[in-house]
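Residue numbers begin at 1 in each chain, while the letters A, B, ... track the order of the sequences.
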Number of protein chains: 4
Amino acid sequence: MSPTTARKRLTREESRAQTRERLVETAQQLFVSNGYGGASIRDIADKAGYSQGAFYSNFSSKEDVLLELLRRHMEAEATQLFSVMGNEQQEPGQMLAELEAWASTLNHDADWCMLSIELQLHANRSRSFAAEYRKVWDRHRSELGGVIGQLFGKLGRTPPAAPDELAAAFMALSHGLALQRISTRPDPSGRLIMVFLRGLIAGAEDLGTAAAAPAGTPARAPTKRAPKAGR
Amino acid sequence: MSPTTARKRLTREESRAQTRERLVETAQQLFVSNGYGGASIRDIADKAGYSQGAFYSNFSSKEDVLLELLRRHMEAEATQLFSVMGNEQQEPGQMLAELEAWASTLNHDADWCMLSIELQLHANRSRSFAAEYRKVWDRHRSELGGVIGQLFGKLGRTPPAAPDELAAAFMALSHGLALQRISTRPDPSGRLIMVFLRGLIAGAEDLGTAAAAPAGTPARAPTKRAPKAGR
Amino acid sequence: MSPTTARKRLTREESRAQTRERLVETAQQLFVSNGYGGASIRDIADKAGYSQGAFYSNFSSKEDVLLELLRRHMEAEATQLFSVMGNEQQEPGQMLAELEAWASTLNHDADWCMLSIELQLHANRSRSFAAEYRKVWDRHRSELGGVIGQLFGKLGRTPPAAPDELAAAFMALSHGLALQRISTRPDPSGRLIMVFLRGLIAGAEDLGTAAAAPAGTPARAPTKRAPKAGR
Amino acid sequence: MSPTTARKRLTREESRAQTRERLVETAQQLFVSNGYGGASIRDIADKAGYSQGAFYSNFSSKEDVLLELLRRHMEAEATQLFSVMGNEQQEPGQMLAELEAWASTLNHDADWCMLSIELQLHANRSRSFAAEYRKVWDRHRSELGGVIGQLFGKLGRTPPAAPDELAAAFMALSHGLALQRISTRPDPSGRLIMVFLRGLIAGAEDLGTAAAAPAGTPARAPTKRAPKAGR
DNA sequence: CATGAATGAGGGTTCATTCAT
DNA sequence: TATGAATGAACCCTCATTCAT
């Protein structure tokens with residue numbers, strides 16, 4: 001930057017950005033491992049290698065850094081989903097494959113999931129944060145809902161619930177599973193859970209092939225449609 | 001209260017039990033609304049109408065109350081599930097109906113769900129608590145898994161994943177949905193989510209067949225399929 | 001208290017009262033020497049020999065201890081004034097003498113005066129404190145005003161301003177003088193100041209009469225003039 | 001601004017002066033409204049439209065601005081008093097009128113008075129500042145004392161206390177009254193207060209004599225009553 | 001058994017000040 | 001000269017916990 005020395009230490013702006021970045025990352029780690037309430041600014045700053053004052057010259061409050069994490073989370077998720085919904089001409093089989101690929105990424109970053117939960121928990125407790133969170137959440141749900149709607153449409157099927165509801169349920173499922181990284185316990189949430197259950201039943205293969213469909217089988221030979229779905 | 005003496009001063013033991021009971025209940029309320037970390041012992045004692053010392057006369061630490069809540073949670077859940085699994089001779093339709101009834105109860109007590117989440121979160125952070133939690137969790141999962149296994153078996157279907165995995169997924173779903181009482185955001189958890197999704201697709205009606213069903217309608221048409229499904 | 005040992009350590013209540021007392025006294029010292037804002041709770045607690053927590057189990061906030069000081073200040077002042085106003089049949093000379101005695105006590109406790117100033121300053125900055133302060137101030141001013149009114153009445157004179165105004169002026173004078181224990185600078189306040197000045201002039205002896213008294217001599221010989229003034 | 005160039009960019013020096021000026025003014029406002037301790041450099045710089053660094057380019061510390069304010073205060077007060085003492089040949093009536101005019105100006109600028117108090121308070125707490133303050137204070141007191149001495153002299157009267165003491169008392173009175181802009185409470189300062197009180201009594205009209213004079217009326221021909229009071 | 005005063009550590013936040021840019 | 005990121009100490013206050021009563 002400087003005319004005389006080509007490689008200077010760091011621009012002021014760069015330096016600030018670096019500090020901010022390190023603080024954000026450290027904050028994420030600690031929020032995930034200790035919870036929002038359990039992570040102190042002292043700890044964040046220390047672990048990031050700065051003073052508490054440095055934290056406050058980059059963020060106006062503890063909640064502020066959570067908001068920054070929320071923004072980043074949103075962006076990253078939008079990007080992820082974009083590859084799935086980007087191309088409207090995709091065949092259903094292709095969409096399913098991409099959705100599966102996308103879903104499997106979530107498998108691999110428990111931190112990412114726990115952060116989601118912390119964001120949600122804090123939204124449940126802070127009025128102001130809830131407002132910001134709502135925006136992100138609504139947008140993401142409707143994007144995912146759109147993808148789901150498209151998928152069902154291309155398959156010539158009626159979704160068993162509003163696509164947005166299904167989207168929310170999938171998000172819920174992912175959050176709940178993240179919570180189980182160490183322990184867990186259940187309390188299913190009614191209707192949507194039954195919808196899923198019925199779907200699973202319908203989708204299950206007959207033991208005998210498709211033989212008897214004993215008594216109550218939802219009578220929709222899933223094995224046949226599977227190939228259609230391109231799997 | 002006592003069957004023999006209609007109006008009696010509380011015995012020492014009863015009085016102690018009452019104190020404990022009130023503290024436990026108040027603790028639950030505050031853990032749910034403020035989180036485990038966000039609820040102080042001072043608050044719990046005050047709100048229950050006792051001194052902080054009374055708290056420590058009944059519990060050895062803050063985590064100790066949480067353990068008590070865990071125990072009660074476990075018992076209540078076991079009781080709930082018992083009505084579903086109790087009778088091995090049930091027909092599948094009946095089982096489904098009972099499961100649905102059971103699931104719908106969860107809809108109505110958000111506090112119960114949030115407590116589950118707090119328990120899980122704390123298990124993720126406290127070694128000792130995790131050990132206790134694990135027992136409860138494992139037992140509950142295998143009970144629910146048993147029910148699910150039975151259900152699939154009676155329907156003559158192969159579950160699309162291990163019954164215990166399905167059980168965990170349903171628990172996850174219910175936790176995640178509880179978290180959404182105010183806000184949320186998603187990060188699906190891979191394979192299991194795809195299993196659900198494929199099931200739903202398979203279970204969906206062909207557009208041509210039951211054409212009109214508006215996308216947003218909640219649980220539609222299951223009533224029609226129900227008889228077919230033999231429930 | 002205990003039936004077996006006659007002289008026990010300290011009742012719980014006594015112990016608490018002692019702690020509170022020490023904290024209040026230390027707070028007063030530090031407010032006076034460092035100002036309300038300049039005295040930290042850490043300092044107060046440390047200097048009193050307690051932890052910060054002890055402070056907060058006796059006072060709900062920093063302002064709360066200032067309120068306690070306000071209450072005590074009020075009581076003490078009321079008591080002081082009572083001896084002057086108590087007896088309505090007093091002769092004017094006697095009243096003057098008592099007023100003088102009372103005034104001279106103020107001379108001797110600079111701390112007392114500085115506390116007054118801190119109270120006033122804080123009332124100027126805290127809405128809630130101002131409300132409490134107002135009560136005390138109004139009551140004290142009207143009591144002092146009453147004394148002044150009586151005095152003038154008994155002397156058969158018309159006060160050169162409303163007695164309450166004169167009272168406020170005397171309080172102002174005392175505050176301002178307290179401020180000068182180390183330094184100062186002036187900015188007289190208009191009408192009332194002129195009233196005082198005219199009064200002083202009127203009350204001054206003619207040069208010709210009591211010839212010698214050199215201009216610069218402090219306040220000498222007041223005892224001689226006193227009888228003339230009807231004391 | 002400059003006489004030669006009508007519209008010019010500010011020279012470096014002018015720009016610096018402007019920055020300094022704005023900072024000083026903003027500092028004064030904040031010291032007055034929040035107190036010296038309650039006004040932060042961040043606030044001062046922000047409100048003045050500069051960075052904190054700009055503050056430190058112009059002042060070496062927080063106390064340094066207060067010193068600048070002290071200097072300006074001193075100058076302004078000297079100027080004010082000059083019109084009163086300037087002319088040694090003035091008649092007493094004229095002097096009184098001018099003093100009254102001067103005093104009444106103080107009525108109208110509460111900020112000015114509060115700044116005086118802040119200066120005094122800080123002088124009571126900072127050794128180094130006290131030294132500077134002392135100079136200003138002594139000079140001002142002796143100037144005002146001079147005026148008072150002259151006045152008494154021209155009236156042919158003996159001041160009831162050393163003119164310098166009287167001067168200090170008037171300053172005190174003005175400070176104390178400034179403090180009362182919102183609330184207050186009293187602690188008279190002994191002897192001087194009695195001097196004032198005796199003066200007022202002496203200067204007051206006999207009820208029988210000039211009955212009507214309403215209590216609150218300020219200027220009531222003190223020169224006439226003086227002889228009546230026999231002093 | 002229950003009380004609640006007291007502890008000591010730690011919470012989030014603000015401060016006057018420094019210094020590389 | 002002016003900037004503002006960073007510091008480190010201090011701020012007020014709350015916490016889980018202890019223990020004499």
Whole angstrom value for the distance that separates P of F:dC12 from CG of C:Asp46: 12 Å

- request: Tell me the partner of F:dA5, counting only Watson-Crick (N1-N3 plus N6-O4 or O6-N4) or G-U wobble (N1-O2 and O6-N3) with both under 3.5 Å; none if nothing fits.
  value: E:dT18

For atom CD1 of C:Ile41 and atom C1' of F:dC11, their distance in whole Å: 9 Å

task: Fit a plane to each ring of B:Phe59 and B:Phe55, take the angle between them on a 0 to 90° scale, and name the class: parallel (under 30°), tilted (30 to 60°) or perpendicular (over 60°).
output: tilted

- request: Identify which nucleotide among F:dA6, F:dT17, E:dA16 has an atom closest to any side-chain atom of A:Ser15, counting heavy atoms from C-beta outward.
  value: F:dA6

- line: Closest of F:dA6, F:dA16, E:dA2 to the A:Ala54 side chain is F:dA6

Euclidean distance, atom OH of residue A:Tyr56 to atom P of E:dG12 [Å, nearest integer]: 6 Å

task: Looking at every strand, decide which applies to C:Ser40 at a 4.0 Å heavy-atom threshold: base, sugar-phosphate, or nothing.
output: sugar-phosphate

task: Give a yes or no on whether a salt bridge exists between D:Arg72 and D:Glu21, defined as a side-chain N under 4.0 angstrom from a carboxylate O.
output: yes

query: Looking across every strand, which nucleic acid part, if any, lies under 4.0 Å from D:Ala39 by heavy atom: base, sugar-phosphate, or nothing?
result: sugar-phosphate

field: Nucleotide nearest C:Lys62 when distance is taken to its side chain, options F:dA2, F:dT7, F:dC13
entry: F:dC13

- request: Would you classify A:Tyr50 as touching base, sugar-phosphate or nothing, given that sugar-phosphate means primed atoms plus P, OP1 and OP2, and contacts are heavy atoms under 4.0 Å?
  value: sugar-phosphate

message: Quick check for you: among E:dG11, F:dA16, E:dA16, whose closest atom lies nearest to any side-chain atom of D:Arg42?
response: E:dA16

- prompt: Going by distance alone, is a donor N or O of one side chain under 3.5 Å from an acceptor N or O of the other, for D:Ser40 and D:Asp43?
  reply: yes

- prompt: Considering only heavy atoms from C-beta outward, does the side chain of B:Glu118 approach that of B:Val32 to under 4.5 Å?
  reply: no

field: Nearest-neighbour nucleotide for the A:Gln52 side chain, E:dA2, F:dT17, F:dA10 considered
entry: F:dA10

- prompt: What's the CZ-P distance between B:Phe55 and F:dC15, to the nearest Å?
  reply: 13 Å

message: Nearest whole Å is fine: how far is E:dG12 C1' from A:Leu66 CG?
response: 15 Å

- prompt: B:Asn58 CG to E:dC1 P: how many Å, rounded?
  reply: 9 Å

query: Base, sugar-phosphate, or nothing: which does A:Ser51 touch, judged by heavy atoms less than 4.0 Å apart?
result: base

message: Can you tell me how the ring of A:His122 sits relative to the ring of A:Tyr36, calling it parallel under 30°, perpendicular over 60° and tilted otherwise?
response: tilted

field: Whole angstrom value for the distance that separates C1' of E:dA5 from CZ of C:Phe59
entry: 13 Å

task: Decide, yes or no, whether a salt bridge links D:Glu68 with D:Arg20 under the criterion of side-chain N to carboxylate O below 4.0 Å.
output: yes

task: Can you sort out which residues in residues 19-36 of chain B have a heavy atom within less than 4.0 Å of DNA chain E? Ascending by number, please.
output: B:Thr19

- request: Test for a donor-acceptor pair under 3.5 Å between the base of E:dG4 and the side chain of C:Arg16, counting only N and O atoms.
  value: no

- request: Report the distance from atom CG of C:Asp43 to atom C1' of F:dA10, rounded to the nearest whole Å.
  value: 10 Å

- prompt: Would you call D:Arg22-D:Glu25 a salt bridge at under 4.0 Å N-O?
  reply: no

